[in-house]
Amino acid sequence: MSDAENLVEVGPASEFEDGDAEIVQVGRAEVGVIRAEGEFYAIRNQCPHDGGPVCKGNVQKELVGEFKGTGKRVDQQYSDTDIISCPWHGWSFELETGIHIGDDRIRVPTYDVVVDDGIVYVDSGD
Ligand code: FES
């Protein structure tokens, strides 16, 4: 359960469209609150690659493929995982976990999001 003192107000949930990102200050960190498929996510707006504004990137489903062998067509499809791609060099992260899609050792910090009475909040976790 979130402690109300830890909540940072973002704004009315009704003003978010899918793919929208609202940047708020949470302590000393800039955090992007992003809506995808009706769900809210919050990740730090600082890419672990070179500090880029990852929350300003595109939100999409992860494209996954299966290598079938040399000379064969790769079998590609979109998964159910929502990701965001950093606008600077394209590193991509799962919105829910902040984990890089190609290397689970790399991660952007994530935050809990609370929607209460139609208002979106980020839990600073303090
Ligand atoms: S700074 Fe984000 S991919 Fe390079």
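Both counts, for ligands and for their atoms, begin at 1 and track the order of listing. All figures in this text were calculated on a predicted structure; none of them were measured in a lab.
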| Would you call K61-D82 a salt bridge at under 4.0 Å N-O? |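 Looking at K61 and D82, the cut-off is met.
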| message | Quick check: do F40 and V33 have side-chain heavy atoms less than 4.5 Å from each other? | response |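 Answer yes - side chains close enough.
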| Minimum side-chain heavy-atom gap V54-I84 below 4.5 Å | yes
| request: To the nearest 0.5 angstrom, please state how far the CZ atom of R107 sits from the CZ atom of R44. | output: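 Reported value, rounded in 0.5 Å steps: 9.5 Å.
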| remark: Listing protein N, O or S under 2.8 Å around atom 2 (Fe) of ligand 1 gives C47 SG, C86 SG
| For F93, all residues meeting ring-ring contact (aromatic ring centres under 6.0 Å, His included), sequence neighbours excluded | H100
| Is V113 linked to V26 within one hydrophobic cluster, defined over Ile, Leu, Val, Met, Phe, Trp and Tyr using a side-chain heavy-atom separation of less than 4.5 Å? | yes
